[in-house]
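It should be emphasised that the depicted structure is a prediction, and the values quoted were computed from it without experimental measurement. The residues of the chain are indexed from 1 along the displayed sequence.
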Amino acid sequence: MAPAPALAHPTVAIVGGGWAGLACALQLAQAGYRPVVFESAPEAGGRARSALIEGLYRDNGQHLMLAGCKSLTTLFKLAGIQVQTVPFIMQSGARRLRVPAHSGRLGLATALWRAQGFSWNERYRLIAAIVNLQLKGWQVPEGQSVAEWLLATRQPPALIREFWAPLALAVLNTPLADAAMRRFASVLRDSLGSGGRALAMLLPAGNLSEQIVTPLVHAIEKLGGAVRCAQRVLAIQQTTHGFELRVQGSEQPHHFDQIVLALPPWALDKMTLPACINQKALAEAFGTQPIATVYLGFEAKFRLPAPLLQIAGPTANDSRIWATDRAYCGEPGVIALSVSAAGPWCQLSHDDLAAACLNALQEVIEPLRRCLWKKTVVVRRATYAATPGATLQATDLNPLPHLYLAGDWTDATYPATLEAAVQSGFKAAAQILHEQG
């Protein structure tokens, strides 16, 4: 008797070609599906890709990736992407913390205890806060803000100013008085709470599009999937046998069995969706927060004293910010400074913001070599606001049979990070595969 013919996999459309959509597509393609990704921009990558800046393609922002990010490392392995591992080294004035990439939890504790520039009380309070979180299973009171947690754990003001605040702002991109501590606790669990191996930084040898996004697209297409850029989906309508997509510039609708909406909440409001998805309510609940990246160009031999250097904020009322050395990513002499979350800096022009950041760098590196060029990139809706109220119920992720939501904002525990985006894409793919059996 001849074997029964294999059943064809359902057709799947993924709306949004950011990291969540690409992760979902790759997972499905490896399972034999032929997913089709629709991306409205000219290229894939979403909010973590490269753009033409000062004559070269550079990242549109700084995206810290750590070895403890399990979903990211899984994605890179699946796509055959190689990234370099750099030890976690941060410097802020007299403070310097270096955690060897090969060290475990004890190595991290030792590094914290031996860190330069920290008082004995600061070392004790910092370690005690992490240990206390670990003993509580990384759980915090519902609705607690990061500012409230710092107060409850009696963190010294100087430690908050020069360690906790810049770290939390970079991770959550939300003012500390508004930021949900439960999301910060999840990141601390997978970084400071997991030892030096987890803290090691994952850095591509070049820009994000060249080193990660393009290889992901190629991997998807090699397996039979498709990534269609410059294809804006205008409407999605449920039909008797699945869904109908209307794409800008296309007269005929596209028909699919299953849909994954891998978009930020504010982008959902730009298309017509089934009535069960309250686009306006989602956009209002999650809000938005900006990020600015100031690029400073110097001679190729110029280097920062540490991969992560903390300097004063653009104005006296802004929190301290991070400067990263782009030489690790194939751009020697280029320094990128990240300014996170809404603050007084938002009132500065691009030129004034760049000048303020250059002056702040001048204060910690003397003599500072002549700056050859400056460029400011401001993304007004860079991430959602990671407040305690910005959350979805598990049922919200699947508002209709065979329709799923994905994206960094849909993760219940992580803030708006690449790890959360990739993890959400994997979860959507897992649901589709589970339904297929």
* Is there a donor-acceptor pair closer than 3.5 Å between any side-chain N or O of Arg189 and the backbone N or O of Trp138? -> no

* Before giving the answer on side-chain hydrogen bond (donor to acceptor under 3.5 Å, both in side chains), spell out for Trp373 and Glu54 the whole-Å C-alpha distance, their side-chain angles and the decisive distance to 0.1 Å. => CA-CA 8 Å; Trp373 57 268; Glu54 290 299 309; 5.5 Å; no

* Asked: Under 3.5 Å, is there a donor-acceptor pair between the side chain of Ser349 and the main chain of Asp352?
  -> yes

* To do: Please indicate whether Arg303 has more than 12 foreign heavy atoms, meaning atoms of other residues, nucleotides or ligands, lying under 6.0 Å from its CZ.
  => yes

* Asked: Can you list the steps and then say if Gln62 with Leu308 is a side chain to side chain contact (heavy atoms under 4.5 Å, CB included)?
  -> CA-CA 11 Å; Gln62 299 310 293; Leu308 289 170; over 6 Å; no

* Structure fact -> For Gln84 and Ala205 the tightest heavy-atom approach is NE2-CA, 4.0 Å

* Can you check side chain to side chain contact (heavy atoms under 4.5 Å, CB included) on Ile236 and Leu261, steps first, answer last? -> CA-CA 10 Å; Ile236 297 175; Leu261 292 174; 3.4 Å; yes

* Answer whether the closest heavy-atom distance between the side chains of Lys427 and Tyr404 falls below 4.5 Å. => no

* Structure fact -> Between Ala292 and Val378 the two heavy atoms that sit nearest each other are CB-CG2, 3.9 Å

* Crowded around Arg96 CZ? As in, over 12 foreign heavy atoms under 6.0 Å? -> yes

* To do: For the pair Asp178 (side chain) and Pro175 (backbone), establish whether a donor and an acceptor sit closer than 3.5 Å, ignoring hydrogens and angles.
  => no

* **Aromatic plane relationship, His254 with Phe256 - under 30° parallel, 30 to 60° tilted, over 60° perpendicular** => parallel

* Please lay out, stage by stage, how Ile335 and Asp325 fare under the test side chain to side chain contact (heavy atoms under 4.5 Å, CB included). => CA-CA 5 Å; Ile335 307 302; Asp325 195 331; 4.1 Å; yes

* Asked: Distance-only, no hydrogens or angles: does the Ser186 side chain make a donor-acceptor pair with backbone N or O of Arg182 under 3.5 Å?
  -> yes

* Structure fact -> Rounding to 0.5 Å, atoms CG (Leu337) and OG1 (Thr324) come to a distance of 7.0 Å

* Does the separation of the ring centres of Phe286 and Trp409 fall below 6.0 angstrom? -> yes

* To do: Applying side chain to side chain contact (heavy atoms under 4.5 Å, CB included), run through Arg228 and Val247 and close with a yes or a no.
  => CA-CA 11 Å; Arg228 301 177 181 175; Val247 179; over 6 Å; no

* To do: Hey, could you give me the CD/CG distance between Gln116 and Leu97, rounded to the nearest 0.5 Å?
  => 10.0 Å

* To do: May I ask you to test the Val294-Ile321 pair for a side-chain heavy-atom distance under 4.5 Å?
  => no

* Any side-chain heavy atom of Tyr414 within less than 4.5 Å of one from Glu419? -> yes

* Asked: Taking Gln289 for the side chain and Ala385 for the main chain, is one N or O donor matched with an acceptor at less than 3.5 Å?
  -> no

* **Side chains of Arg125 and Thr153 in contact at under 4.5 Å (non-hydrogen atoms)** => no

* For Glu299 and Lys301, indicate whether the former's side chain and the latter's backbone hold a donor-acceptor pair under 3.5 Å. => no

* **Under 3.5 Å donor-acceptor, Thr383 side chain and Ala416 backbone** => no

* Ala323 to Leu304 - nearest heavy-atom pair and separation -> O-CD1, 3.7 Å

* Check: Ala406 main-chain N/O paired with Thr410 side-chain donor or acceptor under 3.5 Å -> no

* Could you tell me whether the side chain of Arg49 reaches within less than 4.5 Å of the side chain of Tyr57, counting heavy atoms only? => no

* Can you tell me how far the CG atom of Leu176 sits from the CG atom of Leu169, to the nearest 0.5 Å? -> 4.5 Å

* Ser50 pairs by side-chain hydrogen bond (donor to acceptor under 3.5 Å, both in side chains) with which of Asn60, Thr214, Asp59? -> Asp59

* Asked: Are the side chain of Trp322 and the backbone N or O of Pro166 linked by a donor-acceptor pair below 3.5 Å?
  -> yes

* **Whether over 12 other heavy atoms sit under 6.0 Å from Arg320 CZ** => yes

* Gap between atom CD1 of Ile14 and atom SG of Cys24 - 0.5 Å precision -> 4.0 Å

* Asked: Using 30° and 60° as the class limits, which term best fits the ring planes of Trp113 and Trp120: parallel, tilted or perpendicular?
  -> tilted

* **Met65 side chain reached by Ile212 side chain, heavy atoms, under 4.5 Å** => yes

* Side chain of Arg183, backbone of Leu172: donor and acceptor closer than 3.5 Å? -> no

* To do: Of all the heavy-atom pairs spanning Trp19 and Ala421, show the shortest one and how long it is.
  => CB-CB, 4.4 Å

* Structure fact -> Correct closest heavy-atom pair for Leu361 and Ile311 would be N-CD1, 3.9 Å

* **Rounded distance (nearest 0.5 Å) linking atom CZ of Phe302 with atom CZ of Arg370** => 13.5 Å

* Taking the side chain as every heavy atom from C-beta outward, state whether Val379 and Arg47 have any pair of such atoms under 4.5 Å apart. => no

* Closest heavy-atom pair and its distance - Ala44, Leu22 -> CB-CD1, 4.3 Å

* To do: First locate atom CD1 of Ile277, then atom CG of Asp269, and finally report the distance between them rounded to the nearest 0.5 Å.
  => 11.5 Å

* Using a 4.5 Å cut-off on heavy atoms from C-beta on, say whether the side chain of Val15 contacts that of Leu245. => yes

